[in-house]
Colleague: 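Structure in structure tokens, see below.
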Amino acid sequence: MKILSAKSIQLAPQQITHFSILSGYNSVTQNSIMKTFIKYAVSFAVYFLIFSVQLFLICLLSVIISGKGPSSIPGIGATITFFTSFLLTRRIHRSKLFNRVFSNKINQ
């Protein structure tokens, strides 16, 4: 059995072809798909950021109020944080600025 190494695989730049998942689509459709993907990735990042900040504050509040002992404040706070993070992210996702940045219209 022959093991391939980096030295044994040498391709000239002309032999390397462009490979893309979106290679079957035209450029306008590719831009639309990429903008949609980036839009959802940014929405997820915003949700995660809002959720993390809120959860950190809830856990900090729990430690301040009840000390390091068992408490139900983080559980209740996490449930509320899931819901409020979703509402804030949805509001940001539907904002005019967000839609303007990620619109699929081509400005000429």
Side-chain angles (χ1 to χ4, degrees):
M1 177 191 262
K2 185 176 180 181
I3 299 174
L4 296 176
S5 66
K7 289 182 181 179
S8 67
I9 301 175
Q10 295 178 355
L11 297 173
Q14 296 84 8
Q15 293 173 328
I16 299 173
T17 58
H18 176 71
F19 177 74
S20 173
I21 295 173
L22 304 174
S23 62
Y25 298 100
N26 62 20
S27 62
V28 174
T29 306
Q30 285 181 358
N31 288 340
S32 174
I33 292 171
M34 289 305 294
K35 278 191 176 185
T36 303
F37 174 74
I38 292 171
K39 183 178 182 179
Y40 287 116
V42 168
S43 292
F44 176 75
V46 166
Y47 175 82
F48 187 74
L49 179 71
I50 292 170
F51 174 75
S52 299
V53 169
Q54 287 181 349
L55 194 60
F56 174 75
L57 294 175
I58 293 293
C59 288
L60 183 67
L61 181 69
S62 170
V63 170
I64 290 172
I65 291 176
S66 65
K68 295 184 180 180
S71 175
S72 63
I73 295 174
I76 295 169
T79 305
I80 294 170
T81 301
F82 280 124
F83 186 67
T84 57
S85 297
F86 169 73
L87 292 177
L88 289 172
T89 305
R90 187 174 68 176
R91 186 173 203 134
I92 291 168
H93 189 76
R94 292 180 179 176
S95 70
K96 290 180 182 178
L97 175 65
F98 199 81
N99 286 331
R100 194 171 352 139
V101 170
F102 293 107
S103 69
N104 290 330
K105 296 178 184 174
I106 298 174
N107 297 329
Q108 295 183 8

Colleague: Closest heavy-atom contact between Ser85 and Tyr47?
Modeller: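 It is CB-CE1, 3.4 Å.
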
Colleague: Please work out whether the ring planes of His93 and Tyr40 are parallel, tilted or perpendicular, with thresholds of 30° and 60°.
Modeller: parallel

Colleague: Atom CG of Leu88 and atom CG of Leu49: how far apart are they, to the nearest 0.5 Å?
Modeller: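 Answer for the CG-CG pair, Leu88 versus Leu49, is 11.0 Å.
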
Colleague: Quick one: pull up CG in Leu61 and OG in Ser66 and give me the separation to the nearest 0.5 Å.
Modeller: 8.5 Å

Colleague: I need the Ser95 OG to Arg100 CZ distance, nearest 0.5 Å.
Modeller: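 The CZ atom of Arg100 is 8.5 Å from OG of Ser95, to the nearest 0.5 Å.
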
Colleague: Has the side chain of Ser52 got a donor or acceptor atom that lies under 3.5 Å from a matching backbone atom of Phe48?
Modeller: yes

Colleague: With a 4.5 Å cut-off on side-chain heavy-atom distances among I, L, V, M, F, W and Y, is there a chain of contacts connecting Ile38 to Phe98?
Modeller: yes

Colleague: Are Ile64 and Val53 linked, directly or through other ILVMFWY residues, by side chains that come within less than 4.5 angstrom of each other?
Modeller: yes

Colleague: Give the minimum heavy-atom separation between Gly77 and Ile58, together with the two atoms involved.
Modeller: CA-CG2, 3.6 Å

Colleague: Determine whether Val46 and Leu97 fall in the same hydrophobic cluster, where Ile, Leu, Val, Met, Phe, Trp and Tyr are linked whenever their side-chain heavy atoms lie under 4.5 Å apart.
Modeller: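 Result: yes, single cluster for both.
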
Colleague: With rounding to the nearest 0.5 Å, note down the distance linking CD1 in Ile80 to CZ in Phe83.
Modeller: 10.5 Å

Colleague: Does some side-chain heavy atom of Ile92 sit less than 4.5 Å from a side-chain heavy atom of Ile50?
Modeller: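 Ile50 reaches Ile92 side chain to side chain.
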
Colleague: Between Leu55 and Thr81, what is the shortest heavy-atom contact and its length?
Modeller: N-CG2, 4.0 Å

Colleague: How far apart are the closest heavy atoms of Arg94 and Asn99, and which atoms are they?
Modeller: O-ND2, 3.5 Å

